[in-house]
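Following: one structure in structure tokens, then a few remarks.
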Amino acid sequence: MPRGAARARPRRDPRVHLRQRRDRTRPPEARRPVDPRQEPRLVLPDRPVGRDRAACSGRRGAVRRRRRGPPGREDLVSHPRHPRHHRVGDGLHDAAPRRCHPHRYPGRRRAARRGQCRHRPHRGHRSAHQPRGRSRMSTGNVRLRVAPSPTGDPHVGTAYMSLFNLAFVRQQGGQFVLRVEDTDRARFDPTSEQQVYDTLAWLGLQWDEGPDIGGPYAPYRQSERLDTYRPFVDQLLASGHAYHCWCTPDRLTEMREDQQKRKVPTGYDRLCVGKSYEQRVELGGAQATPVVRMLIPDDAPLHFTDLIRGEVNAPRPDDQVILKGDGFPTYHLAVVVDDHLMGITHVVRGEEWISSTPKHLLLFDWLGWERPAFAHMPLLRNVDKSKISKRKNPAARLTWFQEQGYLPEALLNFLGLLGYSLPSGEEVFTFADMSASFDWTRVNTVGPVFDLDKLGWLNGHYIRELPAPSLQSQLVPFLTAAGLYDGSPEHEALLAGAVPLIQTRMALLSECVDLLRCFFVSDESFEVDPAAREKSLVAAGPVLTACADALSALSTWTVESVQGAMDAALIEGLGLKRGKAYAPVRAAVCGSMISPPLPESMALLGKDRVLTRLRAAAV
RNA sequence: GGCCCCAUCGUCUAGAGGCCUAGGACACCGCCCUCUCACGGCGGCAGCGCGGGUUCGAAUCCCGCUGGGGUCACCA
């Protein structure tokens, strides 16, 4: 059977609505049997991985392994993307003991879901590093945050993270915190913070607490929290988990270059460990102001459970600086302190942070704090697959979308489509749709290319769905910026009449400028596009004259009367086909070979302007 | 380079060992509608990176390779 025939098969049930998938082989319920709303299971935060897993499979005495374990292991805690599967035999309503995994292999790459194994003997079992305490999760109050640094135009990644943060927060009824991480004084940009507010607000990604609106954990700007961090640095120093380092940047650079030359792993050589300033000065390459570094132990935790990826291994960290010479904490310290102090339960951030997670884990443990749950989102990519950057991709700048005329609902929908899919398979959806069915295990681990084609289509779709008055008001800024629109009642009426003519003809709001130019351009400035003149106007004098004559006789000026007169004069009178007849008229009146529907456009323009243009083009 | 993450059409994705002859969407191509351009309708092109293994059966589980990415700062 030819492939085409096979493919055609499922199409027998016609789609009755754009949003209706027409050929899933199964009903969604059958494919994805879990309704994530029914239980907050993904919420289980910070159980230390290894122990948990062991607990889960303990009854069978299986040896715990992380992803990529040897074949045939049955100790899989859970299937990340298919929670129900795991739950089937979980004994929830069944007294008889069941295996965690009746018959499946464990480790699909995506992530072992945590918190799913009902066999764990001690709920909240903690690792040695973790303090005892009631799980935050049990309160059901989740708190997530997005933490942009004000170092330039707001980044699309900030919106991406905010969307996923918020989808989960709103589903769970928690809070979403906006925290400004402005500890990098060198790259600080004073206008950036406001732009972050503006762009996120534009997208409707509203935070519950933040520098601008305050909240119970204020301040939310790290530069205003400097005093907060100091005691914890002292505590780490006192407990021997951190030490002063007086090495100059030059010495550090030299050391690194040398390590690279010798092809050994780069990292601080601990020259300052255990030394006083005086002792250190004698060795050279020292400066008076020290930084504070973490003393990474040999047994530092290098793996953790990720909501999206399951068990994750991370690289062994270097002796990370946590307090800079200028007295500011680095990101690593500030993020841990603030996340703890602000009661953050889930840390959702880009994949690029996986490699520094062990540092954060250590800090949480050393400070005696409960670890939050982690979810590392895939990285948005340029077309060449590299991490999305402002240099390679205009779309990396959030303000770009506003400039181009993307609708916030389209961008949001598109962002939601990157690395994620709704259980229903639906591709056109609102934030509410996404939030209602949100599930971390449906987030992909593959970094999606940020490709503008589909966004353009979505944008066109949303533009078409807009009520005309709404579209009209959204076009005004673009027309005004182009110098076409003056806000007068005449212009307003003209625009109101023109909007329905162009609504299906735009993928971007900014395209209205070209589409509407012929309506708003002044009579003196009006001119016919050279290509259109060449193609349609040469030797079209008789047609244009006949058209003008017929129209000038009209006493009423409506779409119907205009079209009637034109058809009578040109189709019946001159024996032309409509396509042939309208082309020169279009060029003369609209100045282009492409325009909104002709009779409608002419009706809108008015008799005088139409006749003027017709006669001008006829000579 | 070390370490880590990842791998289904060009792109975004569905897929949880048999429902797969791998489905959808965007893009692209063709036809229809049609005054141009769109919209809309119909159809088409196009993919499981490679090699082993486990299994009666592998896109799916395991290993290796290859490839891509990230990270190795007193940036975040």
Are the charged groups of A:E193 and A:R221 less than 4.0 angstrom apart, N to O? yes
Verify the contact: side-chain N or O of [X] to OP1 or OP2 of [N], cut-off strictly under 4.0 Å; return yes or no.
{"X": "A:T183", "N": "B:A76", "result": "yes"}
{"X": "A:K324", "N": "B:C75", "result": "yes"}
{"X": "A:R578", "N": "B:C35", "result": "yes"}
{"X": "A:T445", "N": "B:A7", "result": "yes"}
{"X": "A:N444", "N": "B:C6", "result": "no"}
{"X": "A:R505", "N": "B:C39", "result": "no"}

Consider the side chain of [X], meaning its heavy atoms from C-beta on, and name the nucleotide among [options] that approaches it most closely.
{"X": "A:Y331", "options": "B:A76, B:U13, B:C6", "answer": "B:A76"}
{"X": "A:S149", "options": "B:A76, B:U11, B:A25", "answer": "B:A76"}
{"X": "A:D451", "options": "B:C74, B:U11, B:A76", "answer": "B:U11"}
{"X": "A:I594", "options": "B:U36, B:A7, B:C5", "answer": "B:U36"}
{"X": "A:R187", "options": "B:G40, B:A76, B:C12", "answer": "B:A76"}

What string of B, S and - do you get for nucleotides 67-72 of chain B 5' to 3' if you count protein non-hydrogen atoms under 4.0 Å? -SSSSS
Which one is paired to [N], where only Watson-Crick or G-U wobble pairs with both distances under 3.5 angstrom count?
{"N": "B:U60", "answer": "none"}
{"N": "B:C72", "answer": "B:G1"}
{"N": "B:G67", "answer": "B:C6"}
{"N": "B:C48", "answer": "none"}
{"N": "B:A25", "answer": "B:U11"}

CG-CE distance between A:L614 and A:M602, expressed to the nearest 0.5 angstrom: 6.0 Å
Take atom CD of A:E534 as the centre, draw a 6.0 Å sphere, and report whether it contains more than 12 heavy atoms from other residues, nucleotides or ligands. no
Hey, does the Lys NZ or Arg CZ of A:R293 hover above the aromatic six-ring of A:Y268, less than 6.0 Å from the centre and inside 45° of the axis? yes
